[in-house]
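Numbering of ligands and ligand atoms starts at 1, following listing order.
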Amino acid sequence: MRNHLTHPIFSLISEVADEMQRPCFVIGGFVRDIILHRPSKDIDVVTLGSGIELAEALCRRLGSHAHLAVFRNFGTAQVKYHDGKEWIEVEFVGARRESYSHNSRKPIVEDGTLQDDQNRRDFTINALALCLNGERFGELVDPFDGIGDIERELIRTPLDPDITFSDDPLRMMRAIRFATQLNFRIYPDTFDAIKRNSERIKIISRERIADELGKIIRADIPSRGFILLEESGLLPYICPELAALKGVETKDGHGHKDNFYHTLTVLDNVALRSRNEWLRWAALFHDIAKPRTKRYDVRLGWTFHNHNFIGAKMIPGIFRFMKLPLDERMKYVQKLVELHMRPIVLAEEVVTDSAVRRLLFDAGDDIDDLMCLCEADITSRNAEKVRRYLENFALVRRKLTEIEEKDRIRNFQPPVDGSEIMEYFALPPSREVGELKSAIKNAILDGIIPNERDAAWQYMLKAAEQMGIKKP
Ligand code: CTP
């Protein structure tokens, strides 16, 4: 494996470690990613004895090109170094034996051997180490057949999975996240342990959980991760609203579709078309209010009235609980959840210009993402139905372009503004001014007048006359 350690930083670490007579190894994700031909990021180095001392010695050797950060509490040190092209980050740690008490994340740590250090890592594929010392430079140390697991595409813990997961319950999510990103299977014993220990995810901070979920949702086929989260029993602790989507109820022989699996199909459909993470979250939550709004009506069958509006209202609470960002990204998800029925309703009816204008007005710059979500939402198995919907969507898209070119509604700015109206009629800010403004807006959206100043001014004068507003 020497040919993978061609960067000069490795021979430098090797020299420094040999001089100090310190066994030292590159370990973890960096080695795994070399073998998987994935871009490798940060380099983790484990040594016997103090990782901090080795980092300090390396830093002295690198001189002014390097920065050292020491984290005494964790016994680690990070060296950042600019090699003329880019920043390289190397994290140093002493090999440790570690165990955790049952209800705390605070570990009891002692010095250990390389094998001890590998034992306490999460998965066999993450426990691979490459020696950096003298003759052994580039030698692979793989006590748990991590290479075999990469070949077999398996996520498996090095030790009894109950121990590995109880050391850090976040690893249950990491197993699912790696299985999703790499398209690997989780070894049955390992997966059974996740099922047994799922409740322990409660002691993990929501920020760390959100980090893993982000990696799942950004994967090529994110549904894999959510299916595993559901099957393992973790999902109700992570997002109970999502877990509640699962299941089918039947009344008078009529069942509705399983909204959990439908949601995941929509999510994958969106993921095929877009890498926009927030559009993917919108897909995940687009039907989130269906369990709450579900009713059975003898005439209509199953209905989910207003699930889009109620869903949009649920988003801030869900984002707060899951520690997702509460900024414009949340607002974007909310908006898409609220509007996700509009193009479908449009496509079911005659596509009028005025409905298209209103849709453009409400969606603004997010119209393309909304259309993408709606097309992804057509998951019917009835080919004829799908064809009809997609044809109508194509028509809606054509009209959207046509009307946007003509009327520029996307970032609508009223052609007559409130201050002009107040000045002309000598009115204070009042209900009347608001009514005149919305009369103009509605007339434009309904296609009664074009989105132009003169027409809008004339229309406003007429509306004012009808309302009995006179120029002083
Ligand atoms: N590790 C672990 N248990 C954890 C987190 C990390 O055993 N809960 C170990 C693994 O050996 C892992 C290494 O620490 O390979 C580095 O962890 P990290 O940087 O979080 O992840 P990577 O495995 O490098 O993967 P990614 O960069 O995709 O998160």
Side-chain angles (χ1 to χ4, degrees), residues 4 25-47 51 69 71 74-80 88-100 104-107 109 112 114-130 140-147 149-150 154-184 186 190 193-194 197 200-201 203-220 222 225 234 277:
H4 293 292
F25 305 83
V26 194
I27 194 160
F30 187 85
V31 184
R32 174 202 68 218
D33 287 341
I34 287 176
I35 293 158
L36 285 167
H37 308 290
R38 293 170 97 212
S40 315
K41 291 172 293 173
D42 306 345
I43 305 164
D44 287 313
V45 171
V46 65
T47 180
F71 307 97
F74 297 99
T76 64
Q78 188 194 53
V79 176
K80 270 196 191 176
I88 311 276
E89 280 184 30
V90 192
E91 182 107 10
F92 288 86
V93 63
R96 290 179 289 194
R97 286 152 63 94
E98 218 170 76
S99 60
Y100 293 78
S104 150
R105 291 260 314 110
K106 227 177 140 105
V109 187
L114 174 68
Q115 172 89 37
D116 288 329
D117 193 276
Q118 287 174 305
N119 280 338
R120 48 164 281 273
R121 295 201 171 247
D122 53 2
F123 307 114
T124 58
I125 64 167
N126 286 344
L128 300 164
L130 292 180
L140 179 73
V141 187
D142 177 15
F144 312 108
D145 194 20
I147 296 284
D149 282 346
I150 289 182
L154 267 186
I155 305 295
R156 186 165 61 93
T157 55
L159 303 179
D160 172 348
D162 285 323
I163 297 173
T164 303
F165 292 140
S166 110
D167 279 354
D168 178 3
L170 183 74
R171 289 169 168 173
M172 299 187 284
M173 283 202 68
R174 282 174 59 92
I176 290 173
R177 185 260 287 189
F178 283 118
T180 310
Q181 283 181 323
L182 304 176
N183 192 16
F184 278 23
I186 301 177
T190 302
I194 302 181
N197 292 286
R200 297 215 68 223
I201 198 73
I203 67 166
I204 298 298
S205 77
R206 304 229 161 257
E207 286 82 353
R208 293 182 78 207
I209 293 176
D211 232 37
E212 294 300 324
L213 280 177
K215 290 179 181 173
I216 291 174
I217 211 163
R218 290 191 295 272
D220 288 342
L234 286 167
E277 175 176 352

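Protein residues having a heavy atom under 4.0 Å from any atom of ligand 1 are Gly28, Gly29, Arg32, Lys41, Asp44, Arg121, Asp122, Asn126, Asp168, Arg171, Arg174, Arg177, Phe178, Lys215, listed by chain and number.
The closest side-chain heavy-atom distance from Ile150 to Leu182 is not below 4.5 Å. Between Gln118 and Val141, the closest side-chain pair of non-hydrogen atoms falls below 4.5 Å. Two residues are said to be in side-chain contact when any heavy atoms from C-beta on lie closer than 4.5 Å; Ile204 and Asp168 meet this criterion.
One N or O on the side chain of Arg156 and one on the backbone of Phe144 form a donor-acceptor pair closer than 3.5 Å.
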Please assess Asn126 against Arg32 for the test side-chain hydrogen bond (donor to acceptor under 3.5 Å, both in side chains), listing each intermediate value before the final yes or no. CA-CA 6 Å; Asn126 286 344; Arg32 174 202 68 218; 2.7 Å; yes
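Ile34 and Leu130 make their closest contact through CD1-CD1, 4.4 Å (heavy atoms, listed as atom of the first residue, atom of the second, distance).
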